[in-house]
There are 2 protein chains.
Amino acid sequence: MDSSLYTCNSCQHKLCAGRVSLFTSLDTEQLMQVMKLIVHKEYKKGELLLYEGEVRNDLVIVNKGQVKAFRNTADGKEQILYIFSEGDFFGEKNLLRDQASNYAVEALEETHVCIIRKDDFQNLVKQYPDIGLKVMEVLCQRLDRLENTIENMGTRTVSARISSVLLEFAEKFGKESPQGIIIDLPLSREGIANYIGLTRETVSRKMSSMQDEGLIEMIGNKKILLLNKAALEKSIE
Amino acid sequence: MDSSLYTCNSCQHKLCAGRVSLFTSLDTEQLMQVMKLIVHKEYKKGELLLYEGEVRNDLVIVNKGQVKAFRNTADGKEQILYIFSEGDFFGEKNLLRDQASNYAVEALEETHVCIIRKDDFQNLVKQYPDIGLKVMEVLCQRLDRLENTIENMGTRTVSARISSVLLEFAEKFGKESPQGIIIDLPLSREGIANYIGLTRETVSRKMSSMQDEGLIEMIGNKKILLLNKAALEKSIE
DNA sequence: CTTTGACTGTGACCTGGTTCACGTTTTCCA
DNA sequence: TGGAAAACGTGAACCAGGTCACAGTCAAAG
């Protein structure tokens with residue numbers, strides 16, 4: 001296919017809709033139709049895309065960059081629930097009913113999103129039922145992930161929890177290299193701590209000891225090299 | 001409507017399908033059609049309805065009774081993820097693809113279920129798109145609940161977590177009474193502990209102290225009287 | 001390239017929850 | 001209905017992870 005067909009000025013010449021798994025069942029012409037419904041928006045690092053408690057009537061699809069979905073707890077802590085990156089979406093809860101968001105969403109870096117109005121999306125679902133099934137599939141995956149997280153937080157040791165996050169990130173953000181898998185961390189140490197319900201210090205200490213054991217190697221603060229994936233996997237069984 | 005229309009021998013003369021929110025959008029005739037697709041099954045307390053890792057190709061709807069969905073962790077602990085009761089369903093993950101269950105399901109008491117084959121259900125969804133939307137809605141509610149649970153387990157104190165469960169159970173299993181809300185607990189102390197990632201002893205101790213503070217009153221092991229719902233709600237803010 | 005603020009690592013101490021142990025109570029079902 | 005088995009409550013000791021404090025390091029912006 002000619003990639004110029006997918007051109008869209010607001011998206012740096014990527015047909016955002018076409019790269020999102022939600023719309024993989026559509027052909028080019030249908031995609032062009034979807035494109036007309038989409039509004040684009042850009043956010044700088046640290047900007048909020050969605051406030052906790054905000055009621056929106058649209059679906060937001062991440063086209064470039066990364067965001068974190070999190071809640072602020074009464075005692076001033078932060079619980080990170082999701083990292084959304086290219087192709088992920090949020091706001092699916094307002095597809096069915098107008099509901100206040102139970103988390104805030106903040107850009108972790110320069111982020112571009114595609115926004116589609118609730119009504120338009122509902123019509124799309126009616127026209128192309130496969131899209132609805134895709135949404136359902138993603139929701140089920142998200143349930144899977146949360147179920148795992150709950151098991152981790154409820155019953156696992158600290159090192160198992162950290163191994164678990166590292167493997168999750170390796171899956172999502174890792175690149176193969178001769179020495180092992182290099183992970184571009186989406187979160188700081190503190191962010192990781194807030195993702196798995198620990199403190200920055202504990203994460204720091206455990207990762208240091210994992211490095212001493214030869215399991216991982218920390219490269220600056222933003223990268224980690226997984227030297228022994230198998231051992232990590234074993235430790236969370 | 002004449003209730004005899006809803007009669008079904010296997011269901012003790014309740015039209016199981018009609019009582020499930022999934023099918024509320026259907027009329028009587030459509031319900032009768034759904035009924036033909038349904039197989040019934042009964043389980044005694046302690047019986048397993050689903051094994052961890054099992055691959056099924058059907059959707060299970062609880063018609064009577066209660067079940068717990070849980071995972072056994074490596075260190076011999078149990079993490080309870082859901083309590084399903086009348087009207088709840090599970091197995092939705094294999095509506096989309098054949099996937100191994102990541103939890104086991106066990107009857108907490110005598111339980112009757114309605115089972116509908118994956119293919120049949122998919123056809124129903126195609127025929128009545130509202131059913132698909134209902135499934136999506138339930139999945140979103142389930143996400144909400146898990147997101148709350150994760151915040152609880154990640155950042156909250158023990159008493160806040162217990163208050164939170166009690167309020168959840170009050171919502172789902174509570175009955176108003178002159179003194180307060182009486183909760184028929186679906187779980188033992190140990191079960192509650194496994195639901196919120198604590199030990200039996202800790203739950204026991206905290207509930208005793210909550211009783212001393214006049215917040216709750218324990219009636220035997222299976223009932224709890226909420227004397228001061230407002231105070232509990234305040235404690236988890 | 002340098003500066004500045006944010007992030008990270010680590011030691012010492014503290015605390016809340018787990019573990020272990022055991023006596024009591026409740027539940028269930030034969 | 002009685003008796004076994006399961007569930008519960010509670011004390012004491014322990015310890016993993018949190019808290020606090022501070023020094024070292026990194027990285028983004030000018």
Side-chain angles (χ1 to χ4, degrees), chain A residues 44-47 68 73 75-80 106-110 152-163 165 184-213 216-224 235, chain B residues 44-47 68 73 75-80 106-110 152-163 165 184-213 216-224 235:
Chain A
K44 285 199 280 288
K45 176 175 175 176
E47 274 189 293
K68 66 174 175 183
T73 57
D75 49 345
K77 289 181 186 171
E78 173 181 302
Q79 177 65 50
I80 297 178
E106 181 186 319
L108 292 170
E109 58 186 48
E110 165 99 11
N152 272 339
M153 309 215 333
T155 65
R156 296 279 167 87
T157 65
V158 165
S159 11
R161 283 199 252 174
I162 293 180
S163 301
V165 186
D184 270 295
L185 293 173
L187 296 174
S188 66
R189 297 284 180 282
E190 179 154 30
I192 293 173
N194 291 339
Y195 190 52
I196 55 179
L198 297 171
T199 59
R200 177 180 69 76
E201 292 92 331
T202 302
V203 172
S204 221
R205 275 188 256 270
K206 286 293 168 182
M207 290 197 0
S208 293
S209 72
M210 287 168 83
Q211 181 163 247
D212 294 345
E213 291 166 38
I216 62 174
E217 189 181 324
M218 304 191 247
I219 307 164
N221 290 333
K222 295 258 153 189
K223 285 187 200 297
I224 281 187
S235 76
Chain B
K44 284 199 281 286
K45 177 176 176 176
E47 274 189 291
K68 67 174 176 183
T73 58
D75 50 345
K77 288 181 186 171
E78 172 180 302
Q79 177 66 50
I80 297 178
E106 180 186 319
L108 292 169
E109 57 185 49
E110 164 100 13
N152 273 339
M153 305 205 354
T155 66
R156 295 280 166 85
T157 64
V158 165
S159 9
R161 282 199 251 173
I162 293 179
S163 301
V165 184
D184 270 297
L185 294 173
L187 296 174
S188 66
R189 297 284 179 283
E190 179 152 29
I192 292 172
N194 291 340
Y195 190 51
I196 54 180
L198 297 171
T199 58
R200 177 180 69 78
E201 292 92 329
T202 301
V203 171
S204 221
R205 277 189 256 270
K206 286 291 171 186
M207 290 199 356
S208 293
S209 72
M210 288 168 82
Q211 180 162 247
D212 293 345
E213 291 166 35
I216 61 173
E217 191 182 322
M218 304 191 247
I219 306 166
N221 290 334
K222 293 260 151 187
K223 284 186 203 297
I224 282 187
S235 77

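Please read these numbers as outputs of a predicted model, since none were measured by experiment. So you know, we letter chains A, B, ... as the sequences are listed, proteins then strands, and number each from 1.
- Under the side-chain contact (heavy atoms from CB on, under 4.5 Å) criterion, A:Thr73 pairs with A:Asp75, A:Lys77, B:Glu151, B:Thr155, sequence neighbours left out.
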Exercise answer: donor-acceptor pairs, residues 202-210 of chain A side-chain atoms, under 3.5 Å, sequence neighbours excluded:
from     : atom 1 : to       : atom 2 : distance (Å)
A:Thr202 : OG1    : A:Thr199 : OG1    : 3.0
A:Ser208 : OG     : A:Ser204 : O      : 3.1
A:Ser209 : OG     : A:Lys206 : O      : 2.9

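- The two residues A:Val165 and A:Tyr195 come nearest to each other via the heavy atoms CG1-CD2, 4.0 Å.
- For DNA chain C, the span of nucleotides reached by chain A at under 4.0 Å from its heavy atoms goes, 5' to 3', from C:dT8 to C:dA12.
- Between its opening and closing five pairs, the helix from C:dC1-D:dG30 to C:dA30-D:dT1 changes axis direction by 70°, a value rounded to 10 degrees.
- Taking atom CE of residue B:Met207 and atom P of nucleotide D:dA7, one finds them 15 Å apart after rounding to whole Å.
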Could you walk me through whether A:Glu106 and A:Glu78 pass side chain to side chain contact (heavy atoms under 4.5 Å, CB included), step by step? CA-CA 12 Å; A:Glu106 181 186 319; A:Glu78 173 181 302; 5.6 Å; no
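- For the atom pair CD of A:Gln79 and CG of A:Asn194, the computed distance is 7.0 Å after rounding to the nearest 0.5 Å.
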Start with the C-alpha gap between A:Ile196 and A:Asn152, add the side-chain angles, then the distance that decides, and say whether side chain to side chain contact (heavy atoms under 4.5 Å, CB included) holds. CA-CA 8 Å; A:Ile196 55 179; A:Asn152 272 339; over 6 Å; no
Base versus backbone protein contacts along nucleotides 18-30 of chain D [heavy-atom cut-off under 4.0 Å; B, S, -]: SBB-----SS---
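- Interatomic distance, A:Ile216 CD1 to A:Ile162 CD1, rounded to the nearest 0.5 Å: 8.0 Å.
- Residue A:Ile219 holds its CD1 atom at 9.5 Å from CG of A:Leu185, rounded to the nearest 0.5 Å.
- Rounded to whole Å, the distance from CG on B:Leu185 to C1' on D:dA7 is 13 Å.
- Between B:Ser188 and D:dC8, a side-chain N or O to OP1/OP2 separation shorter than 4.0 Å is present.
- B:Arg161 CZ to B:Ile192 CD1: the interatomic distance, rounded to the nearest 0.5 Å, is 13.5 Å.
- Rounded to a whole Å, the CE atom of B:Met210 is 15 Å from the P atom of D:dT10.
- A salt bridge (charged side-chain N to carboxylate O under 4.0 Å, His left out) check over residues 184-198 of chain A, counting only residues at least two apart or in different chains, returns the pairs A:Lys175-A:Asp184, A:Asp184-A:Lys223.
- In this structure, A:Ser208 reaches the sugar-phosphate backbone alone: every heavy-atom distance under 4.0 Å involves primed, P, OP1 or OP2 atoms, never a base.
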Before giving the answer on side chain to side chain contact (heavy atoms under 4.5 Å, CB included), spell out for B:Lys45 and B:Glu110 the whole-Å C-alpha distance, their side-chain angles and the decisive distance to 0.1 Å. CA-CA 5 Å; B:Lys45 177 176 176 176; B:Glu110 164 100 13; over 6 Å; no
